[in-house]
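Notes follow once the structure below has been shown.
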Amino acid sequence: MTEQAIYKLRPNRVRRNYRGGAMLARWDGVGDPVDGACPEDWIASTVEARNPGLPPIDHEGLSTVETSVGVMRLTDLIAAAPQYMLGEAHLRSIGQSVGFLAKLLDAGMRLHIQAHPTAAFAQQHLGSRWGKLEAYVILDVRPSTAGSLLLGFQHCPTPEQWKRIVLEQDMEAMLACFEAIPVQPGELWYVPGGVPHAIGEGLLVMEIMEPSDLVVRCEFEREGIVVPPEARFMGRDPDFALGIFHYEQWSPAEVRDRLCVQPESISASDGCTHQRLFGQAHSSCFEVHRLALDAGAAYTFASDERMRVAIVTTGAGRAAAGDMSLPVHKGERFIVPAGGGELRLQGGDDGLQVIICMPQVGPTDVA
Ligand SMILES: O=P(O)(O)OC[C@H]1O[C@](O)(CO)[C@@H](O)[C@@H]1O
């Protein structure tokens, strides 16, 4: 198989327990975009979706890429050229998975209230190296929706009260534990394991997380969508599952202080700003950068021999690596393998914004 310096990712929609996806369909050029049962696109995913209680779909969640010899599953491409795709250091510390999971998430309705295990809990009790710490880049808010998150308890129940609320589905009491946290496009948030949360109606979010689909779902039905019993508590009993929650009370201002992240400026010159959005201070699993190029501006994202997963979030332009150069536009997602060299970007007439995600594989500094 020929090694390419850029692989375009195919759309990869995944079923969830909420409706959405119309904004993603618009990104993908679908003529008549509507919300449906597949509101997420999993990007460069080597993680299978877990949808217990729904009819099985083989390999749901696994990404496919365009290659010179046709469309291939990313896991097969990596297996065929692990060193080129991921690099030596990655293979040694992480193996043949991408090492993190990125998603575009398009919420046509508020998601149900949930929490995820920390990596420490997952290692100790679930036989998994990772829990599911999540980081969000808010990309857009649908008109006529407020744009908010439920995040952390503002009126914290005791573990016994929370257990009663969840088991009896006392929705009035459950919602009374939270106040809406307003969010804006461009903001960065992160959600450590154990923190209850729900993404609000109308948000389009780029989500980067530890590579698992481990979740405790607390609302068993929303807007007629029933979360199947086997999908609620990670297949365990309620006491075990609800044991992952952190029972801390944070006011909306404290939530913003703790969990709204300020980007770190890496460079700002010649019509291009380069920021690190999430790094080792937030996660030992992934690192995320944002590049914003004015019309005609050019920028080279240096290679430190890690795989880079790129998503064009605004505008259009060109992306080049090695001897490949492609036109790219809003919604495009692509991979530059560890062995693909530096990534060269150029802004088109309306400029170009690209988010780049990479695994953490040890000491890192791409500045
Ligand atoms: O509706 P579901 O299937 O529980 O999906 C939950 C979604 O919520 C998130 O955990 C975000 O909070 C996504 O990563 C996940 O896909």
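Both counts, for ligands and for their atoms, begin at 1 and track the order of listing.
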* Is the number of heavy atoms from other residues, nucleotides or ligands under 6.0 Å of Asp257 CG greater than 12? -> yes
Less than 3.5 Å between some nitrogen or oxygen of [X] and one of ligand 1, yes or no?
X      : value
Asp213 : no
Arg15  : no
Asn51  : no
His112 : yes

* Heavy-atom nearest neighbour of atom 10 (O) of ligand 1 within options Met109, Glu134, Arg232 ->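 It is Glu134 whose heavy atom sits nearest to atom 10 (O) of ligand 1.
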* To do: Check whether NZ of the Lys or CZ of the Arg Arg236 lies under 6.0 Å from the centre of the six-membered ring of Phe233 and within 45 degrees of that ring's axis.
  =>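 That pair does not qualify as a cation-pi contact.
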* Asked: So, is the end of the Arg232 side chain (NZ or CZ) under 6.0 Å from the ring centre of Phe220 and within 45° of the ring's axis?
  -> yes
* Using non-hydrogen atoms of the residue, decide whether Tyr136 is closer than 4.0 angstrom to ligand 1. =>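 Contact present.
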* Is ligand 1 less than 4.0 angstrom away from at least one heavy atom of Val215? ->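 So Val215 does not count as touching ligand 1.
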* Structure fact -> Result for salt bridge (charged side-chain N to carboxylate O under 4.0 Å, His left out) between Asp28 and one of Lys330, Arg333, Arg10 points to Arg333
* Could you tell me the residue and atom name of the protein heavy atom closest to atom 11 (C) of ligand 1, and the distance to it rounded to 0.1 Å? => Glu207 OE2, 3.2 Å
* Element-labelled atoms of ligand 1 that are located less than 4.0 Å from some non-hydrogen atom of Glu40 -> 7 (C), 13 (C), 15 (C), 16 (O)
* For Glu40 and Leu104, indicate whether the former's side chain and the latter's backbone hold a donor-acceptor pair under 3.5 Å. =>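 Checked: no pair found.
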* Does the side chain of Ile356 come within less than 4.5 Å of Val309's, by heavy atoms? -> no
